[in-house]
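Order of the sequence lines fixes the chain letters, A, B, ..., with proteins taken first and strands second; residue numbering starts at 1 for each chain. Computed from a predicted structure; not experimentally measured. Basis for what follows: all heavy atoms, side chains included, without hydrogens, waters or symmetry-related copies.
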There are 2 protein chains.
Amino acid sequence: MSKRVTSQDVANLAGVSRTTVSFVLNDVKRFSIRPETAAKVRQAAQQLGYVPNASARALASNSAMAIGLIMTRNPQYIASDSFLPLIMGGMMDVVKQNQLGLLVEWVEPGQQLRAYMALTRARHIDGMILMTPRSDDTGLKALEDSDIPAVLMGYIPGLKLHSVDVDNIQAAKVAVDHLIELGHQKIACITNAATPYSSSSQRFDGYKQALAGAGLVFDPNLVRQADFDSHSGYKQMQSLLETNPDFTAVFVASDAVAIGAMLAIREAGLRIPEDISIVGFDDIPAASYVTPKLSTVHMPAKEIAQHSCELLLQLMRGEKPETKDISLPTHLKIRQSTAYLERRP
Amino acid sequence: MSKRVTSQDVANLAGVSRTTVSFVLNDVKRFSIRPETAAKVRQAAQQLGYVPNASARALASNSAMAIGLIMTRNPQYIASDSFLPLIMGGMMDVVKQNQLGLLVEWVEPGQQLRAYMALTRARHIDGMILMTPRSDDTGLKALEDSDIPAVLMGYIPGLKLHSVDVDNIQAAKVAVDHLIELGHQKIACITNAATPYSSSSQRFDGYKQALAGAGLVFDPNLVRQADFDSHSGYKQMQSLLETNPDFTAVFVASDAVAIGAMLAIREAGLRIPEDISIVGFDDIPAASYVTPKLSTVHMPAKEIAQHSCELLLQLMRGEKPETKDISLPTHLKIRQSTAYLERRP
DNA sequence: CATAAGTACTAACACGCGTTAACAATTCAA
DNA sequence: TTGAATTGTTAACGCGTGTTAGTACTTATG
């Protein structure tokens, strides 16, 4: 039905050349256009409902006006990521404000190197933001050497790539310190994901540092590794309870996992926080609504998303950002899942 | 550093013309290419790390190999949509399998008409999937008349657009029937969103039909309207409890909202399900982990996403799908938040 | 042997836009 | 009056690819 309207059509209707149309609509200041001519062009464009073709524009101007959000997890884990909506919501704001498109891409683990280069060359995007990067991702080194603007949502030491993250080590330490201050000595830990995910190993480090700082012994038997979702938290807590009946608190490095762990604790007939104190990480919306309300480390998800976008925009414009790595503040939200250690009968 | 590699470079290295390169790499069968020539071309492309430019390809072939996921909610609500990860996870599968890109777009309410046409014309995408459409969205009528492949994730009566959804009315009716079978007579309702969102009014209809079917009177005072997130559910339940202390069950048309409502109930000193039975809708992951576990209507989110994609793909290929509207089955998950009515003292 | 019918490839145009270099028209300075 | 400067506009090229129409060469056909 509706024929494609090109800038030529606008030019014809306005009685000018296609070049003039381009100058007017793109606001090219280097060439001065008579106001009445500009008005005529705008009027014609309006009347025809002209919208420039994104592909043609990208091809000619060598910029796609779009950025990529790259995820390397399995779709199954994407599906259970309570964090994704917060990130997307935060990105939408900036993206919309800057007239950008947002291309979501999932890269198969193992295919990273090939994929990053392909995305680059393909040029449907001008830059990319990498979610939950893994330290064993060989593609990141290749990205470093390329000239593609890229930002990591998550800090990996030793990389030249820019990043936005919180200080996971410190934040985890604060969370565990809280448990220690409450008198707990036997504190278990369930990580949020496999070690290669940077946030996982860093939060685990914070846990160990807190123990060390308080002179508590680190017991590997009190540690389990979960896998993003609540179900894994449930299973790992069951495992902990079976083998170690005597810990009185647990640091769980992700709220989604923690919520699963809480269920396992209740099913074991134990009370939170009377028998076991639990502190999470992320502060996803659900954390404020479970019973008891989950004490957790607040992650400024929206701010992370926004800063990532803006940092990427700077890189795309060729600017030199002040800092290579942006570290945003976290704070511990003490709610109802942590309490003073009571001597159990 | 890395210069852009074009098909011309590949042609030069392989000692053939650019056209031949195109034929080989795109597998054009209409023209026969000697196997050894094809091998030479592939070898050269491999060696140079050639990746076709997406924009140029889109421009020339008039197809962008990408689809759009359009959301019309505010970013603030996107951020609290526990459903989004499930949808995205489901779409990723199909999208990846078909070598498509996924462009996520947020359209400001009120700007729909202009935006849909712009997205069309812009041609960075070949088709679009509209999440949570609103029945008062005037842009949808315009979409109908255009020839842009589009699929609604959510059914709106009277539209020619294809859709994928569950039977919200029936599903809600089953949920409320469950409460009725448990002996409840005073059953409140909190909707999931404003009426124009199709799912909201449909689930509300199901609620009313169930009441009517059981000969129960419909009391408008027992109805509240929430706004997607848990906090709104919390507030609306508080409002319900203040003014109507005598209902014994509530149907909440979204789990996120229901989880907020549960908190309000507990804070009022009431027990679930002994004092108030509650049944939700959606079956988000958290529903299985709150206390008590939430009885709810299971939404096949992943399947909805996948069917939407595949339906859209059919439309993009110019095929005529068998049915205009796909309706997927739901089922009631009875867990722990619903129980037989006990006479309260 | 001449014609027809493949086979293997290429030159050339189109897609819609941004942009440079040039050109016509007007104004200004000498 | 002439040349230079300024203002307003456009012809023409390039971005990297898909695709049609055509060419040269080989093989079958009468």
Would you mind reading off the distance between [X] atom [atom1] and [N] atom [atom2], rounded to a whole angstrom?
X: A:I33; N: C:dG18; atom1: CD1; atom2: P; answer: 13 Å
X: B:Q8; N: C:dA12; atom1: CD; atom2: C1'; answer: 13 Å
X: A:N62; N: D:dC15; atom1: CG; atom2: P; answer: 10 Å
X: A:F23; N: C:dT19; atom1: CZ; atom2: C1'; answer: 6 Å
X: B:N26; N: D:dT19; atom1: CG; atom2: P; answer: 7 Å
X: A:L25; N: D:dT9; atom1: CG; atom2: P; answer: 14 Å
X: B:M65; N: D:dT17; atom1: CE; atom2: P; answer: 15 Å

Exercise. Using the ring of each side chain (for Trp, its six-membered ring), is B:Y77 parallel, tilted or perpendicular to B:F228, with breaks at 30° and 60°?
Worked result: tilted
For this session: Could you tell me how the ring of A:H124 sits relative to the ring of B:H124: parallel (under 30°), tilted (30 to 60°) or perpendicular (over 60°)?
Result: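 A:H124 vs B:H124 ring planes: tilted.
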Exercise. Quick check: does any side chain N or O of B:D137 sit under 3.5 Å from a backbone N or O of B:G139, one acting as donor and the other as acceptor?
Worked result: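 Judged by distance alone, yes, a pair lies under 3.5 Å.
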Exercise. Choosing from D:dT20, D:dG18, C:dC17, which nucleotide comes nearest the side chain of A:A56?
Worked result: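 My answer, after comparing the listed nucleotides, is C:dC17.
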For this session: Please list, by residue number, the residues of residues 43-51 of chain A whose heavy atoms come closer than 4.0 Å to an atom of DNA chain C; answer none if no residue qualifies.
Result: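 DNA chain C contact set from residues 43-51 of chain A: A:Y50.
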Seminar exercise, completed: So the ring pair (Phe, Tyr, Trp, His ring centres under 6.0 Å) pairs with at least one residue in residues 5-30 of chain B (sequence neighbours excluded) are B:F23-B:F31
Below 4.0 Å: OP1/OP2 of [N] and any side-chain N or O of [X]:
X: B:S61; N: D:dT19; result: no
X: B:R57; N: D:dG18; result: yes
X: A:R34; N: D:dT9; result: yes
X: B:S7; N: D:dT17; result: yes
X: A:N53; N: C:dC15; result: no

When we call it a touch if two heavy atoms are under 4.0 Å apart, what does [X] touch: a base, just sugar-phosphate, or nothing?
X: B:L59; answer: base
X: B:T6; answer: sugar-phosphate
X: B:V16; answer: sugar-phosphate
X: B:T20; answer: base

Exercise. In terms of side-chain heavy atoms, does A:N12 have a donor or acceptor partner in A:Q8 at a distance below 3.5 Å?
Worked result: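 Yes, side-chain donor-acceptor contact under 3.5 Å.
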Exercise. Can you find a side-chain donor-acceptor pair between B:Q47 and B:Q43 that sits under 3.5 Å?
Worked result: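 Side chains of B:Q47 and B:Q43: pair found under 3.5 Å.
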Exercise. Looking at side-chain heavy atoms only, is the closest gap between B:M131 and B:L69 below 4.5 Å?
Worked result: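 B:M131 reaches B:L69 side chain to side chain.
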Exercise. Less than 4.5 Å apart, any side-chain heavy atom of A:S7 and any of A:Y50?
Worked result: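 A:S7 vs A:Y50: side chains touch.
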Exercise. Checking only heavy atoms, does the side chain of B:T19 share a donor-acceptor pair with the base of C:dA11 at less than 3.5 Å?
Worked result: yes
Exercise. If each of B:A60 and B:G15 is mapped to the nucleotide of DNA chain C with the nearest heavy atom, which maps nearer the 5' terminus, i.e. the 5' end?
Worked result: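 With B:A60 and B:G15 compared, the 5'-side residue is B:G15.
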Exercise. When the nearest nucleotide of DNA chain C is assigned to B:P35 and to A:V28 on a heavy-atom basis, which residue is associated with the more 5' position?
Worked result: B:P35
